[in-house]
Amino acid sequence: MEMTSKERIHAVLHHEIPDRVPMNEFLYSRNLYEEVIGRRPSFYNAEDLFDCAYKLGLDSAVMPIGGFAGILNAAENKVEYQDEW
């Protein structure tokens with residue numbers, strides 16, 4: 001029987017074996033947001049983050065508190081860009 005995302009994360013945190021490895025990703029690309037949820041956020045926010053993670057089928061997403069809140073690309077309209085890292 002397939003686990004829900006919540007059950008999968010709960011199993012891992014309790015050192016139990018989930019049905020598969022939980023999937024997570026740091027979602028910072030405005031291009032990705034626009035492609036997946038149909039809107040392009042001007043800043044990093046929980047609503048868009050979790051909508052995107054849900055539509056991608058991820059089990060969890062990370063919303064940092066007090067961390068980086070903007071989505072900055074050095075060259076927004078190019079195929080390649082350099083982020084702040």
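Across all their heavy atoms, Ser60 and Asn24 have their closest contact at O-OD1, 2.9 Å.
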Task: Steps toward side-chain contact (heavy atoms from CB on, under 4.5 Å) verdict (Arg8, Glu2) - done: CA-CA 9 Å; Arg8 196 171 291 119; Glu2 186 174 329; 3.9 Å; yes

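Remark: Asp51 engages Ile37, Arg39, Glu47 in a side chain to side chain contact (heavy atoms under 4.5 Å, CB included) (not counting sequence neighbours). For the side chain to side chain contact (heavy atoms under 4.5 Å, CB included) test, residues two or more places apart in sequence or in another chain that qualify with Glu25 are Leu27, Leu58. By the ring-ring contact (aromatic ring centres under 6.0 Å, His included) test, His14 is found to be paired with His10, residues two or more places apart in sequence or in another chain being considered. Every residue two or more places apart in sequence or in another chain was checked for a side chain to side chain contact (heavy atoms under 4.5 Å, CB included) with Tyr54, and none qualifies. Residues satisfying the salt bridge (Lys or Arg N to Asp or Glu O under 4.0 Å) test with Glu7, not counting sequence neighbours, are none.
Val62 and Val12 fall into different hydrophobic clusters, where Ile, Leu, Val, Met, Phe, Trp and Tyr side chains are chained together by heavy-atom contacts under 4.5 Å. One hydrophobic cluster, built from ILVMFWY side chains closer than 4.5 Å, cannot hold both Ile17 and Met3; they sit in different ones.
Here Thr4 contributes atom OG1 and Asp19 contributes atom CG; the two are 9.0 Å apart, rounded to the nearest 0.5 Å.
Judged purely by atom type and a 3.5 angstrom limit, Asn45 uses its side chain to pair as donor or acceptor with the backbone of Phe43.
Ion pairing of Asp48 with Arg30 is absent here, as no side-chain N (NZ or NE/NH1/NH2) approaches a carboxylate O to less than 4.0 Å.
The 12-atom threshold is exceeded at CD of Glu34, counting heavy atoms of other residues, nucleotides or ligands nearer than 6.0 Å.
Within the 4.5 Å cutoff, no side-chain heavy atoms of Asp59 are placed close to those of Lys6.
Grouped by direct or indirect side-chain proximity (heavy atoms under 4.5 Å, Ile/Leu/Val/Met/Phe/Trp/Tyr only), Ile9 sits with Leu13.
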